[in-house]
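First the structure, in the form of structure tokens, and then the observations on it.
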Number of protein chains: 2
Amino acid sequence: MGGAVTSLEGIIQSGGRRYRTATEYVEATLKQAILSGALLPGTPLRQEELATRFEMSRMPIREALRQLEAQGLVDFEPHRGAIVVEITLADADDNFAIRSALEPQALRLSLPHLGADDFALADEVIAEIDGETDPARMGELNRRFHMTLYAAAGLPRLLALTEQHLVAADRYLRFHLATDGDMGQAEHRALVAACRSGDETEAVAVLGRHLARAKAGLTGFFAARAAT
Amino acid sequence: MGGAVTSLEGIIQSGGRRYRTATEYVEATLKQAILSGALLPGTPLRQEELATRFEMSRMPIREALRQLEAQGLVDFEPHRGAIVVEITLADADDNFAIRSALEPQALRLSLPHLGADDFALADEVIAEIDGETDPARMGELNRRFHMTLYAAAGLPRLLALTEQHLVAADRYLRFHLATDGDMGQAEHRALVAACRSGDETEAVAVLGRHLARAKAGLTGFFAARAAT
DNA sequence: TGCCTGTCGATTGGATCCAATCTAACAATC
DNA sequence: GATTGTTAGATTGGATCCAATCGACAGGCA
């Protein structure tokens, strides 16, 4: 490990940050577009159209769509093409049931390995959320907050699955900015406090309430939408 | 709905059972092969070779591999190809952590909607397991048993995710037939009993023990393998 | 009128071809 | 002798082309 080489770190990193293949690029871009709401639910994704937009052939598009299908972000019907998955109450319920199972588990496994640095980072994110008004950015920060507390679990698949469903939930929320605009900051603070004192039972309980509250808000939104 | 058409049911069904696209067929076949252990962990999956074996071009193979990648069944490295995912202790731990979160949740949500039919079906499957010696078939039956108790949850994504990880766990088990050969039938019976009496707390507790036992067995297997 | 049928355009699925990248073996240099 | 540079073969990524399927619409028939 020579000292002179360390200066290359940043360059290598940013080089590695670039996409190694067109399919990767398309997948990441479409994923972002779907989750951010830029592509509305139900939007048909025509391969030819995407190909011209991305300035490449249909092939990388096809492979990217296949991967998004496996991730549950698009619905694929043979010979009929792909559409952005719809947002329904049933899906939201489903998502919350999964999150309510995964997140407490991740928290339990992570809690014993959390240190002062992690709590400080969590506090920082909470503060950032306080100062933020852009809903898209708030969703991103909310996700970062949760994942910060789970990260020490050290189980990559559990964490990836958890984050995936957190991101999906964020997508639901993005379509009902209606709520008070508060992401449950009181609960966020209570959660960090419980974690700091190492109280697993309390932490899991707070997290459970936090998720239940988010679910209630979303259910209310769907009820309101159905009523109009 | 003419009566003469009903005789076609079987044919239509088996026709519908057939794959609508080559990619679907390849995906299902490879999935089965990987999970059943026919394709050993670490096996490189060369597109050209698979193409000749399946008697088609590389294209459906490529798309199928991409989907398997998204499902976590193969590892994909750009320009280097796909290999069957390795089986490691870390992965097994990860898998059990996920199952331990999802399955109790599925059971809790399903329990209130379970009826006598479901319990009878569960009993049947238990009996079948008793009379079975083929480990592959036992894994399949074990999966059926668990999913029977969860099915009434009525949340498709939660159930699909649960089943996916059950199947993956089965793959781990297939490589250590070493264990007593008993899939925890005593716990299976206790689980059904608890469900019958509607005792959620007890049912979830039994399920937790069941999963912990399976995990302990698998951990022991890895320890033994590392020691050799 | 209402339903079935067949044809046409649009779109996706699959095959073939070429380019880019990786792996491994070998030669050259220090 | 070890390391680096080079080159050839294998393998995957991407482009282009053809075939199969779907949806809509028009026309025939009871």
Side-chain angles (χ1 to χ4, degrees), chain A residues 1-2 4-5 8 12 15-31 34 39 42-71 73-85, chain B residues 1-5 8 11-12 14-31 34 39 42-71 73-86:
Chain A
M1 301 294 172
V5 192
L8 292 175
I12 294 170
R17 235 270 164 267
R18 271 209 177 82
Y19 302 101
R20 288 168 298 182
T21 170
T23 301
E24 256 182 33
Y25 170 62
V26 174
E27 187 200 342
T29 306
L30 286 181
K31 190 173 189 169
I34 292 172
L39 283 172
T43 307
L45 299 172
R46 304 264 152 256
Q47 297 177 4
E48 197 82 41
E49 185 188 336
L50 291 173
T52 60
R53 272 180 179 276
F54 279 102
E55 296 181 321
M56 57 184 68
S57 90
R58 263 175 48 215
M59 179 99 12
I61 311 287
R62 276 165 65 171
E63 298 197 347
L65 288 177
R66 274 275 148 66
Q67 279 177 292
L68 293 174
E69 144 91 359
Q71 289 171 45
L73 291 175
V74 308
D75 275 339
F76 219 95
E77 209 71 35
H79 295 129
R80 288 171 61 186
I83 66 166
V84 180
V85 286
Chain B
M1 301 296 168
V5 192
L8 291 176
I11 301 166
I12 294 171
S14 78
R17 238 266 166 269
R18 268 207 180 83
Y19 303 100
R20 288 169 298 182
T21 169
T23 300
E24 256 181 34
Y25 169 62
V26 174
E27 187 200 341
T29 306
L30 286 180
K31 191 173 188 169
I34 292 172
L39 283 173
T43 307
L45 299 172
R46 304 263 154 260
Q47 296 178 4
E48 197 83 41
E49 185 189 336
L50 290 173
T52 60
R53 272 181 182 274
F54 279 100
E55 295 181 320
M56 57 184 68
S57 90
R58 263 177 48 215
M59 179 100 10
I61 311 287
R62 277 165 64 171
E63 298 197 346
L65 287 177
R66 273 274 148 67
Q67 279 177 291
L68 293 175
E69 142 92 357
Q71 289 171 45
L73 292 176
V74 307
D75 274 339
F76 218 95
E77 209 71 36
H79 294 132
R80 287 171 62 188
I83 65 166
V84 179
V85 287
E86 299 282 357

Give every donor-acceptor pair under 3.5 Å between a side-chain atom in residues 73-85 of chain A and any protein atom, sequence neighbours left out.
none

Check against side-chain contact (heavy atoms from CB on, under 4.5 Å), A:Leu45 and A:Leu39: CA-CA 9 Å; A:Leu45 299 172; A:Leu39 283 172; 4.1 Å; yes
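- Looking at heavy atoms from C-beta onward, A:Arg66 lies out of side-chain contact with A:Arg62 at the 4.5 angstrom threshold.
- Residues B:Glu86 and B:Gly42 share a closest heavy-atom pair of OE2-CA, 3.3 Å.
- When the nearest nucleotides of DNA chain D are assigned to B:Ala82 and A:Arg80 by heavy-atom distance, the more 5′-ward of the two goes with B:Ala82.
- Among the heavy atoms of the strands lying under 4.0 Å from B:Arg62 is at least one base atom, whether or not backbone atoms are also near.
- Between A:Phe54 and A:Tyr25, the two ring planes are perpendicular [angle over 60°; tilted spans 30° to 60°].
- One interatomic measurement links the two molecules: CZ of A:Arg20 to C1' of C:dC22, which rounds to 13 Å at whole-angstrom precision.
- The footprint of chain A on DNA chain D, defined by a heavy-atom cutoff below 4.0 Å, extends from D:dG13 to D:dG23.
- Looking at heavy-atom distances under 4.0 Å, B:Arg58 makes contact with a base.
- In terms of heavy-atom proximity, A:Ala64 sits nearest to A:Thr23 at N-CG2, 3.8 Å.
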